[in-house]
Protein chains: 4
Amino acid sequence: MSTSTTKRDQILDSALSLFAERGFDATTIPMIASDANVGAGTIYRYFENKEVLVNTLFQHYVDLFTKTLEEDYPKDAEIRDQFHHLFQGMVRFTNEREHALHFIKTHNAAYFLDDTSRSRFDRLLMILEDFIDEGKKKEQIRDLPSNALIAIIFGGFLELFKLIRAGEIEATDQLLVGVEESCWDAVRHHA
Amino acid sequence: MSTSTTKRDQILDSALSLFAERGFDATTIPMIASDANVGAGTIYRYFENKEVLVNTLFQHYVDLFTKTLEEDYPKDAEIRDQFHHLFQGMVRFTNEREHALHFIKTHNAAYFLDDTSRSRFDRLLMILEDFIDEGKKKEQIRDLPSNALIAIIFGGFLELFKLIRAGEIEATDQLLVGVEESCWDAVRHHA
Amino acid sequence: MSTSTTKRDQILDSALSLFAERGFDATTIPMIASDANVGAGTIYRYFENKEVLVNTLFQHYVDLFTKTLEEDYPKDAEIRDQFHHLFQGMVRFTNEREHALHFIKTHNAAYFLDDTSRSRFDRLLMILEDFIDEGKKKEQIRDLPSNALIAIIFGGFLELFKLIRAGEIEATDQLLVGVEESCWDAVRHHA
Amino acid sequence: MSTSTTKRDQILDSALSLFAERGFDATTIPMIASDANVGAGTIYRYFENKEVLVNTLFQHYVDLFTKTLEEDYPKDAEIRDQFHHLFQGMVRFTNEREHALHFIKTHNAAYFLDDTSRSRFDRLLMILEDFIDEGKKKEQIRDLPSNALIAIIFGGFLELFKLIRAGEIEATDQLLVGVEESCWDAVRHHA
DNA sequence: GATGAATGAGGCTTCATTCAT
DNA sequence: TATGAATGAAGCCTCATTCAT
């Protein structure tokens, strides 16, 4: 009856926090094992090696994030409402999985990512790109390169959540409304 | 007066590029030595150990960046002009020292930074904070927590320069003007 | 009375082939378990540990080989006929248990053999020694140290069967007759 | 002025004895390091990994043995004299490098040998094969497959030297003369 | 001062062995 | 009795650091 966490999940959870906090290279297998309360050898029953573990994790959260953004996406709504949907998605995803977005952000260009990981990440970017491109066509979004605009929102948003995680800012609704407005002003077309 | 690069500087230069490109943990001392054309042992004549090296480097570039932002700061000018000064500073610093800002960005929360490094980095943030706070007092900057606003500009700006360094965007003047405008719109008070 | 192979025998069979083919150290318990179609833990119901398993196996086949040589040994026949009996024993034993003699050969000086294994092996050698000694007394076998002569026939014979197992030579009757003659000429007293 | 043994040679020497005595898989790098009085890491300055070490060693001694057999080979002499030359070569080689021939013998079919090692070993066999083939043409050597005859001499000889190394037989000149005669009788054509 | 050979602690990974089911 | 998931000791190998030259 209990929502028993499997060992595999414990390992993935521990790996996520540690990779997010210290980075892949500074995180050792014994660290993950000890944090997950399993023997070091146990990790190898579930993941062929450390790189497979990090790629599995990366793909899992990139896919989850992608799903979060795509779910109930208001295809026919106003650009501003679509932006709101995406922003809310980021917020919700970050709240549910404290470290996931930061992990994705800090590892998306890493040398150890395999082709699958890279293409999953590209798919994620494409969602944002499509949104930006449509907004530009409707002249509601600035005429700057799409990836530049993505970088600005994504970068700003994540840097902000680092502060929230560090406890330096409290994530009130009011703050989030303000930040959303700020990010929107960064990308929207100003008359 | 001589322009001859000292061994110490060669080491710091090599360490900067390698740390920026691969990260601290994935960079080995022999890699730095070989890139700097010195023996591995030589590094230890100038730096007690790898952590001292990375902290020295971090402090050096944080200070240099701080100086760049402070130099000729238009204390009495309009907020918008002050923002322009800061933004130009970031651009200039990034252009002069290709890897420095990226290195600072990717390592500013690392587990191996010592107290001095952390406080130097805080001092850097304080410049931005002071600017923000003054702007808020004059009601020309949004009423959001200062560190939140810093996160947004800093985060967005750096994410953007990652793309430029990766060659995915060309850093034309026009682009920079557009990005500056975008960042400014993110923080300024909208009527 | 039943011919059903017990799990214990399946384990011993698999261990024999694997030890013979790959050697003790390169053979893992999971390999043996999987080849024997039993769980890895099951092996430990029958054998205290890997060393006990290999010693059990070694003793089993050394004893079997010993019995093969002793069975119907023509005590009162000519030396040449006794030699023929021994040689035929080796051939028969090798044919019946493809890997057994090779396993004995490659493991008879191994670091993990216990005293029992060593003494059983000595007993095997003694049969050959007795034969040699009697032959020397009758001046039908060369005057060389017994163990030297055993080494020569044993070594040569086994090296030959390695080739046969590797498929590099076909074990025709004609070949075996020739080899027997060759080995006999190596040990017999020449006028 | 001293014939200082280099560390590389110390490592090779220790590896040779240990591989010969325990086999490749049962020999650990720390064992080799400790026997050679070097740090474990030092081994990796000279050999990329354990497999490169064993292949280097194998090739070195196969080549040395090959050279020993080829040197002053009496091309135009009687078959018997050629046999004497080869046998003396084996004896000399074994005396000079106690473990080398045994190492070659026990590892020549190992799974970790690379192509170079295999082809060097084939070259060694070819010397023996050529001798045998010529002898068969002259009807002075038995009509048995060449590799079978090689196996018989090689196998017998090595088994014998195992005894000598173990101290169970003393390698007097008289013994060696007798053994040579025995081996010769094993391969020669009998009227 | 400068070097790079040498070291050994510590990381990744395997596998003999245990034990709950 | 049989299993195989779990463990952790130990093996291979890397690399920060030392030190003789």
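Each chain gets a letter, A, B and so on, in the order the sequences are listed, and its residues count up from 1.
Counting only residues at least two apart or on different chains, the side chain to side chain donor-acceptor pair (under 3.5 Å) pairs with a member in residues 15-25 of chain B are Glu21(B)-His99(B), Asp25(B)-Tyr111(B). Within the structure, salt bridge (charged side-chain N to carboxylate O under 4.0 Å, His left out) pairs that include any residue of residues 46-63 of chain A comprise Asp63(A)-Arg120(A), Asp63(A)-Arg123(A) (at least two apart or interchain).
When the ring-ring contact (aromatic ring centres under 6.0 Å, His included) test is applied to Phe47(B), no partner is found at least two apart in sequence or on another chain. Every residue two or more places apart in sequence or in another chain that forms a side chain to side chain contact (heavy atoms under 4.5 Å, CB included) with Ala100(A) is listed here: Leu16(A), Tyr61(A), Phe93(A), Arg97(A). With sequence neighbours left out, Lys105(D) forms a side-chain hydrogen bond (donor to acceptor under 3.5 Å, both in side chains) with Glu159(C). In this structure His102(B) satisfies the ring-ring contact (aromatic ring centres under 6.0 Å, His included) test with no other residue, sequence neighbours excluded. Checked against side-chain hydrogen bond (donor to acceptor under 3.5 Å, both in side chains), Gln59(B) has the following partners two or more places apart in sequence or in another chain: Asp114(B), Ser117(B).
Residues of residues 10-20 of chain B that place a heavy atom closer than 4.0 Å to DNA chain F do not occur. For the segment residues 47-57 of chain A, residues with any heavy atom less than 4.0 angstrom from an atom of DNA chain E are, sorted by number, Asn49(A), Lys50(A).
The shortest non-hydrogen separation linking Asn55(D) to Leu113(D) is OD1-CA, 3.3 Å. Here the closest non-hydrogen pair linking Ile32(D) and Ile11(D) is CG2-O, 4.0 Å.
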In a table with atom names and distances, give each donor-acceptor pair under 3.5 Å that connects a side chain of residues 35-45 of chain C to protein atoms at least two apart or in another chain.
residue: Asp35(C); atom: OD2; partner: Ser14(C); partner atom: OG; Å: 2.7
residue: Thr42(C); atom: OG1; partner: Gly39(C); partner atom: O; Å: 3.4

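Residue contacts shown for Ile29(D) are limited to sugar-phosphate atoms, with no base heavy atom under 4.0 Å away. Among the protein residues, Thr27(D) comes within range of the sugar-phosphate backbone only, with heavy atoms under 4.0 Å from sugar or phosphate atoms but none that close to a base.
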Got a list of protein N/O to nucleotides 6-9 of chain F N/O distances below 3.5 Å?
residue: dA6(F); atom: OP2; partner: Tyr46(A); partner atom: OH; Å: 2.3
residue: dT7(F); atom: OP2; partner: Gly39(A); partner atom: N; Å: 2.8
residue: dT7(F); atom: OP2; partner: Thr42(A); partner atom: OG1; Å: 2.4
residue: dG8(F); atom: N7; partner: Gly41(A); partner atom: N; Å: 3.4

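Residue Met31(D) is the one, among Met31(D) and Thr28(B), whose nearest nucleotide of DNA chain F lies closer to the 5' end (criterion: closest heavy atom).
Between Phe58(D) and Phe19(D), the closest side-chain pair of non-hydrogen atoms is not below 4.5 Å. Put simply, the side chain of Leu12(B) does not reach to within 4.5 Å of the side chain of Tyr46(B), judged on heavy atoms.
Contact between the side-chain N/O atoms of Tyr44(D) and the OP1/OP2 oxygens of dC13(F) is found at a separation under 4.0 Å.
Ring planes of Phe112(A) and His107(A): tilted class, angle from 30 to 60°.
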*Structure string for DNA chain E in dot-bracket form, Watson-Crick and G-U at under 3.5 Å, | interchain*: .||||||||||||||||||||

